[in-house]
2 protein chains.
Amino acid sequence: MTNKNIGIKDVAVAAGVSVTTVSHVLNEVSYARISPETRDKVKSAAEQLGYGPNRLAQALRTQRTGMLGLVSEDIATTPHAGRIILGADEAAKARGYGLMIINTSGSASLESRRADVDALLERRVDGILYATMYHRNVELPANLGSVPSVLVDSVAKGGNITAVIPDEDGGARAAVGALLEAGHTRVGFINNTDDVPATRERLQAFRTMLTEAGLDGDAAPVESEVSEVHGGYEAARRILAREDRPTGLFCYNDRMAMGAYRAAAELGLSIPGDLSVVGFDDQELIAANLHPGLTTVALPHYEMGAWATEHLIDAVEGKTDLTLMALHPTILGCPLVRRDSIAAPRP
Amino acid sequence: MTNKNIGIKDVAVAAGVSVTTVSHVLNEVSYARISPETRDKVKSAAEQLGYGPNRLAQALRTQRTGMLGLVSEDIATTPHAGRIILGADEAAKARGYGLMIINTSGSASLESRRADVDALLERRVDGILYATMYHRNVELPANLGSVPSVLVDSVAKGGNITAVIPDEDGGARAAVGALLEAGHTRVGFINNTDDVPATRERLQAFRTMLTEAGLDGDAAPVESEVSEVHGGYEAARRILAREDRPTGLFCYNDRMAMGAYRAAAELGLSIPGDLSVVGFDDQELIAANLHPGLTTVALPHYEMGAWATEHLIDAVEGKTDLTLMALHPTILGCPLVRRDSIAAPRP
DNA sequence: GTTCTTGTTGGTCATCTGTGTCCCACGTCC
DNA sequence: GGACGTGGGACACAGATGACCAACAAGAAC
C-alpha cells in the first residue's frame with residue numbers, strides 16, 4: 001500500500017544504499033549493474049516501508065505525467081459520454097495511464113472550453129481527448145494543438161486533427177438492410193431535423209439501400225421531427241397515416257422509435273406483426289426495455305473512446321504520427337443489434 | 001494560453017529580475033515587498049511569454065496537487081454516475097480543483113479496488129471521493145484512509161468514514177404521499193428483491209405512510225421482483241390481478257414503473273385514469289418519455305457529488321474535520337418530480 | 001612485488017520547475 | 001552611527017532521474 005510519507009530517500013537509508021541505487025533497482029534500468037543482493041535489500045526495504053513512487057516528482061523529472069486529459073461534453077445528459085469514458089479509462093489503465101476529466105457543455109463558449117483545456121495543460125497532461133456528445137462538426141480551442149490530441153465522435157471544423165467517428169452510412173445500411181432482408185418493400189424513415197452529419201448520411205443511406213434493392217428510394221416516405229420521443233410519435237403518426245402505409249420503419253434514433261411504438265399502439269398496429277421498427281443508438285435503457293425489444297444499431301462509443309486513447313498514447317510515446325492520421329477521420333463500425341421488433345410483413 | 005515550454009525562469013530573464021521575485025509577484029505573497037513597477041514588468045513579461053504555472057512543480061513543493069480522485073463504480077451502466085461526476089466536477093472547478101477519475105466495478109475484488117485507490121495515491125491526490133452506483137453497504141479498501149475521503153451514495157461497512165446518501169425514507173414518503181393526496185385508498189407497492197437499504201426503507205415508509213393515513217399499512221399489497229422492466233411487469237400483473245385491485249401503484253424504480261405501464265396497457269387500464277403510478281429515480285430517459293410522463297422521486301446524485309466534493313475540499317484545506325462528520329451519514333432529500341401519472345381515483 | 005588495466009558496483013551531482021525562508025544592500029531618520 | 005524600513009536576491013528544498021564518476025578487487029604487464 002502506497003504510503004504518502006515514504007520517499008526514495010527513506011528506502012535508501014533503510015537499505016543502506018544511495019537514492020540513485022534505489023531508483024535504479026526499482027526502475028530496473030538496463031544500464032545499471034547492481035548485485036542481486038543489493039537488489040533484494042532495496043526491494044524488501046521498499047516493500048516493508050510501503051514505498052510507492054511519487055508520480056509528481058517522476059513526472060517533473062521525466063517530463064511525462066502519464067496522465068491523459070479528457071474533456072467531455074455533457075457528461076450527465078446521455079449514457080454516451082459514460083461509454084466513451086469507460087472505453088478510455090480501460091484503454092488508459094491497460095497502458096498505465098490515468099485520466100483527468102473535465103466536463104464542458106456543448107453550448108459553452110470557445111473561451112470557456114479554452115480555459116478547460118488550459119487547466120489540463122497546466123497540469124501537464126501528456127495528451128488530450130476531446131469528446132463530444134454527438135457526431136458533428138465542432139470548433140476547437142486553439143490551445144488544444146499544443147499537445148497530442150484526438151477528437152472523439154466529431155470532426156473538427158478546421159480539419160487537421162485526428163478524429164474517430166461512427167460509420168453513419170454503414171449503420172444506416174445495416175438498419176435498412178435488416179428491414180429489406182425481412183421482406184419489406186414499403187419502408188419509411190423517421191428522420192431528425194438537426195443539421196448534423198447523421199441526419200444527412202442516414203437519409204442518403206436509406207434512399208440508396210432502397211434503390212439498390214430495386215425499390216424507388218427517392219419516393220420512399222420520410223418524415224422529420226425533433227429527435228425526441230414526442231417527435232418520433234408525431235412523425236410516426238404522419239407516416240403511418242399514409243395510404244401506402246409502410247410496413248417497415250427506420251427511426252433516426254431509439255427515442256424516436258419509442259415514440260413510434262406509441263403511435264403504432266394507438267393505431268392498433270402490433271409490432272412486429274403489423275409494423276417492423278428499427279432504431280439507432282442502442283440506448284439500452286430504451287431499446288432493451290421496450291416491448292418487444294427494439295432492433296437497433298449500436299453506436300461504438302466504447303470503441304471510439306478506446307481507439308482514441310490507444311492511438312493518443314501511441315502518439316505520446318512516439319509510436320505514431322498523429323498528423324498522418326489527421327487527414328481523414330477514422331470510421332468505426334455500427335453493428336446491428338437484433339432484438340424482436342422486425343418480422344416479415346404480413347403477406 | 002499556457003505554453004508548455006515557458007518556465008518561471010524565462011519570465012525572470014525577460015523581466016530582468018530573479019525567479020524568486022517572479023514567484024512572489026505571481027503568487028501575490030503577502031510578505032513580499034515589491035515595487036509596483038517591478039510587479040508590472042513581471043506581469044507583462046509573463047503575459048507576453050504565455051507563461052502558465054507548472055502545477056506539478058508547485059505541487060511537489062507545496063505538497064498540494066489540487067487534484068481530487070474519484071473512483072466511480074460502473075460509470076457507463078447508469079446515468080447516475082454521470083450526475084455524480086457532474087456535481088463533483090462543477091464543485092471542484094469552482095474551487096480550483098481538478099478531478100482524476102477511475103472506473104471500477106461494483107463486483108470488483110477488494111484487491112483491484114485497492115489498486116485503483118493506490119493509483120490515485122501515487123499521483124498524490126489531495127482527497128478521494130468514492131462513489132457507488134446505488135445506495136448500499138460497501139466494503140472499502142483500507143488505503144482509502146490515508147487521505148481525506150468521502151463516500152458517495154453508500155455507507156461503509158466498517159463505519160467511520162464520512163458519507164452522503166439519499167433520503168430513502170423521505171423520498172418514499174413523498175411518493176406514497178402523492179398517491180394518498182390524490183385520494184387513493186387502495187395503494188400497492190412493487191418492490192425490489194435485492195437486499196439493499198432502499199428495499200427495506202421504502203417498504204417501511206410505504207407501510208407507515210398508509211397507516212398514518214388511517215389505512216391498513218400492514219395489509220397493503222406488495223409484490224417483489226428483480227428491479228428491471230420485466231420484473232416490474234410481472235409484479236404489476238400479479239398486483240393488478242387482485243380482487244381489491246389497487247388504484248395507486250408505488251414502484252421501486254422507474255424501470256419497474258415502465259413494466260407496470262405495459263401491464264396496465266395489456267389489462268386495458270389507462271394511466272392515470274384507472275391507475276395512478278409513481279416511480280423512483282427520475283431516470284429522465286424513462287420517466288420523461290413514458291406516456292403519460294411518470295411522476296417520480298429524484299435521487300440527488302448531482303447534489304451528493306457536489307456535497308461530497310465541497311466537504312472533501314473543506315477537509316483538505318483544514319476547514320472541516322471529517323472524522324466528526326463520519327459518525328452519521330449525511331442524508332440528502334429526494335424531491336418529488338410531478339408529471340402526469342397521478343390522478344384522483346375514479347369515484 | 002609493484003603498478004597498470006579493467007570490470008564490477010555504486011555513488012555524486014546536476015536537473016526538472018517552482019516555493020519560501022532568510023539574508024543582504026542601501027537609504028533614511030533621530 | 002545605530003535602528004529600522006524597503007526592495008529584492010541566494011539558497012535550500014520538494015522527490016525523483018540519469019549521465020558520469022569513483023572505489024575496489026582481480027588479473028595483466030613489467
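Letters A, B, ... are given to chains in the order of the sequence lines, protein chains preceding strands, and every chain is numbered from 1. This one's a predicted model, so the numbers in the text were calculated from it and none came from an experiment. All heavy atoms count here, side chains included; hydrogens, waters and symmetry mates do not.
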Out of dG15(D), dG18(C), dG18(D), minimum distance to the side chain of L60(B) belongs to dG15(D)
Compute the bend angle of the helix from dG1(C)-dC30(D) to dC30(C)-dG1(D) from the end axes (five pairs per end), rounded to 10°.
80°
Quick one: which of T132(A), I331(A), L151(A) gives a side-chain contact (heavy atoms from CB on, under 4.5 Å) with I165(A)?
I331(A)
For R113(B), is there an ion pair with E139(B) - N to carboxylate O distance below 4.0 angstrom?
no
Value in whole Å for how far the C1' atom of dT15(C) lies from CG of L56(B)
15 Å
Could you write out each protein N or O paired with an N or O of nucleotides 8-11 of chain C at a distance under 3.5 Å?
from: dT9(C); atom 1: O4; to: R33(A); atom 2: NH2; distance (Å): 2.7
from: dG10(C); atom 1: OP1; to: S35(A); atom 2: OG; distance (Å): 3.1
from: dG10(C); atom 1: OP1; to: T38(A); atom 2: OG1; distance (Å): 2.1
from: dG10(C); atom 1: OP2; to: S35(A); atom 2: N; distance (Å): 2.9
from: dG10(C); atom 1: OP2; to: T38(A); atom 2: OG1; distance (Å): 3.3
from: dG10(C); atom 1: O6; to: R33(A); atom 2: NH2; distance (Å): 3.0
from: dG11(C); atom 1: OP1; to: S18(A); atom 2: N; distance (Å): 3.4
from: dG11(C); atom 1: OP2; to: S18(A); atom 2: N; distance (Å): 2.9
from: dG11(C); atom 1: OP2; to: S18(A); atom 2: OG; distance (Å): 2.8
from: dG11(C); atom 1: OP2; to: T21(A); atom 2: OG1; distance (Å): 2.3

Is the count of non-hydrogen atoms from other residues, nucleotides or ligands lying under 6.0 Å from E47(A) atom CD greater than 12?
no
R124(A) atom CZ is separated from dT17(C) atom P, nearest whole Å, by 8 Å
Interatomic distance where CZ belongs to R61(B) and C1' belongs to dC11(D) [whole Å]:
11 Å
Taken in chain and number order and not counting sequence neighbours, the residues that satisfy side chain to side chain contact (heavy atoms under 4.5 Å, CB included) with I34(B) are T21(B), H24(B), V25(B), A32(B), T38(B), R39(B)
Atom CD of E28(B) and atom P of dG20(C) are separated, to the nearest Å, by 14 Å
dG20(C) C1' sits how many Å from N27(B) CG, rounded?
10 Å
Return the value, rounded to whole Å, for the distance between atom CD1 of I8(A) and atom P of dA14(D).
14 Å
Can you tell me how far C1' of dA16(D) sits from CD of Q63(B), to the nearest Å?
13 Å
Just wondering, more than 12 heavy atoms not from Y302(A) lying within 6.0 Å of its OH?
yes
Does a salt bridge link E111(B) with R114(B), judged by any charged N lying under 4.0 Å from a carboxylate O?
yes
Roughly, in whole Å, what's the span from CG in N5(A) to C1' in dA14(D)?
14 Å
For the residue pair R136(B) and Y134(B), would you count it as a cation-pi contact if the rule is NZ or CZ under 6.0 angstrom from the ring centre and within 45 degrees of the ring axis?
yes
Does a salt bridge link E317(A) with R64(A), judged by any charged N lying under 4.0 Å from a carboxylate O?
no
